[in-house]
There are 2 protein chains.
Amino acid sequence: MAIDKSLVTGSTTMLILKLLEEADMYGYQMIEELNKKSKNVFELKAGTLYPLLHTLEQKELVTSYEQTADNARVRKYYSITKKGHKYLCDKKEEWKTFISAVNDVLGAANYATA
Amino acid sequence: MAIDKSLVTGSTTMLILKLLEEADMYGYQMIEELNKKSKNVFELKAGTLYPLLHTLEQKELVTSYEQTADNARVRKYYSITKKGHKYLCDKKEEWKTFISAVNDVLGAANYATA
DNA sequence: TTGACATATATAGATTGTCGATATATAATG
DNA sequence: CATTATATATCGACAATCTATATATGTCAA
């Protein structure tokens, strides 16, 4: 599957925050969830995700805490903040504006209805 | 208007080719058309467009020819090639795949129907 | 028990696409 | 005559992602 990576640019943060809106998650889990939910279209790489999570934490859109799993493996969970919720909400509006604009140009009423 | 520029990444080529599918155009005209059709969401910059057009010409997705307008100003028109048509068709499929995947993650049936 | 693979996080360097700034030149407008 | 719009072009900067690499532990099969 997978698509031209440059299409993904700009939407990754939105998608990660959306996952965290549903439940706290650790990095590796996000990669799997995103892959599963998108039916293998998004194959987010660890080298993309971890730096991104650190950035989101710096911006206070997420917070993190460590938790030990059954198998004694330590996982770093991320949780969305109030600021993160607000940010996600804005990004979703931008996303709607964006796809509407693309579809206006494509003249493709079948692609989206904003 | 205008949105986060990183969202635009990857879709610009598709939009330009789409414009050329409707009619031959010169660079400056494409900027205006794109702005108009997208209701001012896409404010494509000359510094983005011209290098892109040169790349598309190298890839043989478009060809160009010069034409003198009424006011004696010389314009460089671009025309989509057969290869360009094929490429656009593929890109549109990718676009559909992409927005479906994003909407699968967002769980937003209202954003698109692929 | 050892080697391979999945899990889990992390960083460095390369690549790509867009932008702002700058340059040039002509036409139209005040 | 000066400013703005038209029209094309290039360069350096920047942001986001990727590949490659590193580290370490758990699981499973040969």
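Just so we're on the same page: letters track the sequence lines, and every chain starts at 1. Computed from a predicted model, the values in this text were never measured in an experiment.
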- Which one, D/dT8, C/dA10, C/dG17, comes nearest to the side chain of A/Ala46? C/dA10
- Measure the distance from CG on B/Leu49 to P on C/dG20 and round it to the nearest whole Å. 14 Å
- Message: Tell me whether the side-chain N/O atoms of B/Arg73 come closer than 4.0 Å to OP1 or OP2 in D/dT6.
- Response: no
- Write down the distance between CE (A/Met25) and P (C/dT7), rounded to a whole number of angstrom. 15 Å
- Item | A/Leu7 CG to D/dA15 C1', straight-line distance once rounded to whole Å | 17 Å
- Message: Check this for me: does any side-chain nitrogen of one of B/Glu66 and B/Lys76 sit under 4.0 Å from a carboxylate oxygen of the other?
- Response: no
- Task: Establish, with yes or no, whether the OP1 or OP2 oxygen of C/dT18 is under 4.0 angstrom from a side-chain nitrogen or oxygen of B/Thr12.
- Result: yes
- Message: In whole Å, I'd like the distance from the NZ atom of B/Lys76 to the C1' atom of D/dT10.
- Response: 13 Å
- Between the side chains of B/Ser64 and B/Glu57, is a donor N or O closer than 3.5 angstrom to an acceptor N or O? yes
- Message: Please tell me if B/Tyr26 has a side-chain N or O lying less than 4.0 Å from either OP1 or OP2 of D/dT8.
- Response: no
- Message: Using OP1 and OP2 only, check whether a side-chain N or O of A/Thr48 sits under 4.0 Å from D/dC18.
- Response: yes
- Message: Under 4.0 Å between a side-chain nitrogen and a carboxylate oxygen: does that hold for B/Glu22 and B/Lys37?
- Response: yes
- Atom pair distance, as rounded to whole Å: CD in B/Gln58 and C1' in D/dT10: 14 Å
- Task: Rounded to the nearest angstrom, tell me the gap between atom CD in A/Glu32 and atom C1' in C/dT9.
- Result: 14 Å
- Within the pair B/Lys45 and C/dG20, is there a side-chain N or O less than 4.0 Å away from OP1 or OP2? yes
- Query: Atom CD1 of B/Ile31 and atom C1' of C/dG20: how far apart are they, to the nearest Å?
  - Reply: 14 Å
- Under 4.0 Å between a Lys/Arg side-chain N and an Asp/Glu carboxylate O for B/Glu60 and B/Lys82? no
- Message: Can you tell me if A/His54 touches the phosphate of C/dT9, counting only side-chain N or O atoms and a distance under 4.0 Å to OP1 or OP2?
- Response: no
- Task: Give a yes/no on whether any side-chain N or O of B/Tyr50 is located under 4.0 angstrom from OP1 or OP2 of D/dT10.
- Result: no
- When you get a sec, tell me which of C/dA10, C/dG17, D/dA5 is the closest nucleotide to the side chain of B/Tyr28? D/dA5
- Query: Base, sugar-phosphate, or nothing for B/Gly47, non-hydrogen atoms under 4.0 angstrom?
  - Reply: base
- Task: Determine the contact category for B/Glu66: base if any of its heavy atoms lies under 4.0 Å from a base atom, sugar-phosphate if only primed atoms, P, OP1 or OP2 are that close, otherwise nothing.
- Result: nothing
- Note on the structure: Which of C/dC19, C/dA8, D/dC18 is nearest the side chain of A/Leu44? It is D/dC18
- Query: Please give, in whole Å, the distance from C/dA8 P to A/Leu52 CG?
  - Reply: 19 Å
- Message: Under the criterion side chain to side chain donor-acceptor pair (under 3.5 Å), I'd like the reasoning laid out for B/Asp24 against B/Ser79: C-alpha separation, chi angles, the key distance, then a yes or no.
- Response: CA-CA 5 Å; B/Asp24 287 7; B/Ser79 181; 3.3 Å; yes
- Can a side chain N or O of B/Lys5 be found less than 4.0 Å away from OP1 or OP2 on D/dA16? no
- Query: Is B/Leu56 close to B/Tyr87 at the side-chain level, that is, under 4.5 Å between some pair of heavy atoms?
  - Reply: no
